[in-house]
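Everything below concerns the one structure shown next.
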Amino acid sequence: MKSEKGLTFLSTAILVVVIAALTFGIVYLVRLQLDKGKNEDIKTDILLVEAKVQKLAGEYILKKKEEILVGTKLTDMEDEPVIKEFLEKEIFDKEEKGAKYYVLDQDNIKELNLENVELEKDSYYIVDYTSVKVYYTKGYSDEGGEVYYTVEKDKV
């Protein structure tokens with residue numbers, strides 16, 4: 001009988017399974033880190049837009065001129081599918097007394113001189129110039145999978 005050297009079929013199969021498990025584990029961890037980074041970018045973008053909105057809201061209070069406010073009135077875009085879907089979630093009361101809700105698209109973001117802020121396809125920011133609150137229609141999620149549409153200052 002010859003002495004065979006090398007890996008048997010069983011040990012080769014086990015080796016392949018171990019390598020596959022390690023590969024999938026590494027890919028999963030890298031993907032988690034990328035998603036976490038993406039969510040942090042979204043939160044930063046929301047805060048940048050919020051800072052600009054706060055400045056415009058202050059100017060509006062001083063001058064009382066609607067043309068200072070950037071964006072399209074929410075009431076004019078309620079039939080747009082992305083906006084309609086967002087409003088159905090009832091994140092805020094669109095009929096709130098005194099609220100000035102506007103929708104910002106990528107062109108409005110550029111108008112605000114926020115060149116580094118990029119909206120994803122089919123997404124918008126909805127801003128309230130009275131409370132200086134910014135909502136992102138696509139939202140972002142935390143590690144637990146809970147979805148947020150705005151940044152709460154105490155969670156930053």
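Side chains are part of it too, since the values below use all heavy atoms of this structure and drop only hydrogens, waters and symmetry mates.
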Is there a donor-acceptor pair under 3.5 Å between the side chain of [X] and the backbone N or O of [Y]?
X      : Y      : value
Glu66  : Tyr60  : no
Asn39  : Ser141 : yes
Tyr149 : Val134 : no
Asp128 : Lys100 : yes
Lys138 : Ser123 : no

Which distance, rounded to the nearest 0.5 Å, do you find between the [atom1] of [X] and the [atom2] of [Y]?
X      : Y      : atom1 : atom2 : value
Phe9   : Ser11  : CZ    : OG    : 10.0 Å
Asp107 : Leu112 : CG    : CG    : 11.0 Å
Thr75  : Tyr102 : OG1   : OH    : 8.5 Å
Thr150 : Lys133 : OG1   : NZ    : 4.5 Å
Glu40  : Tyr140 : CD    : OH    : 8.5 Å
Lys94  : Ile83  : NZ    : CD1   : 11.0 Å

How about [X]: does its [atom1] atom have over 12 heavy atoms from other parts shown lying under 6.0 Å from it?
X      : atom1 : result
Lys38  : NZ    : no
Glu59  : CD    : yes
Asn116 : CG    : no

Is [Y] reachable from [X] through a run of I, L, V, M, F, W or Y residues, each pair having side-chain heavy atoms under 4.5 Å apart?
X      : Y      : answer
Leu62  : Val132 : no
Leu74  : Val70  : no
Ile91  : Leu104 : no
Val127 : Ile46  : yes
Val16  : Val27  : no

Decide yes or no on side chain to side chain contact (heavy atoms under 4.5 Å, CB included) for Tyr148 and Lys43, but give the supporting numbers first.
CA-CA 10 Å; Tyr148 299 94; Lys43 288 176 10 181; over 6 Å; no
Walk me through whether Glu120 and Ile42 qualify under side chain to side chain contact (heavy atoms under 4.5 Å, CB included).
CA-CA 10 Å; Glu120 288 184 38; Ile42 291 170; 4.3 Å; yes
For the rings on Tyr136 and Tyr125, is their centre-to-centre separation under 6.0 Å?
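Yes, ring centres under 6.0 Å apart.
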Ring centres under 6.0 Å, that's the criterion: do Tyr124 and Phe86 meet it?
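Ring-ring flag for Tyr124/Phe86: false, centres at least 6.0 Å apart.
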Salt-bridged, Lys84 to Glu88, with N to O below 4.0 Å?
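Answer for the salt bridge query: no.
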Apply the test ring pair (Phe, Tyr, Trp, His ring centres under 6.0 Å) to residues Tyr135 and Phe92: give CA-CA distance (whole Å), side-chain angles for both, the deciding distance (0.1 Å), then the verdict.
CA-CA 9 Å; Tyr135 301 90; Phe92 59 83; 4.7 Å; yes
Close side-chain approach of Ile109 to Gln106, heavy-atom, < 4.5 Å:
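A side-chain contact exists here, since the closest heavy-atom pair is under 4.5 Å.
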Report the C-alpha distance between Asp105 and Asn108 in whole Å, list the side-chain angles of each, state the deciding distance to 0.1 Å, and finish with yes or no for side chain to side chain contact (heavy atoms under 4.5 Å, CB included).
CA-CA 5 Å; Asp105 60 16; Asn108 301 130; 2.8 Å; yes
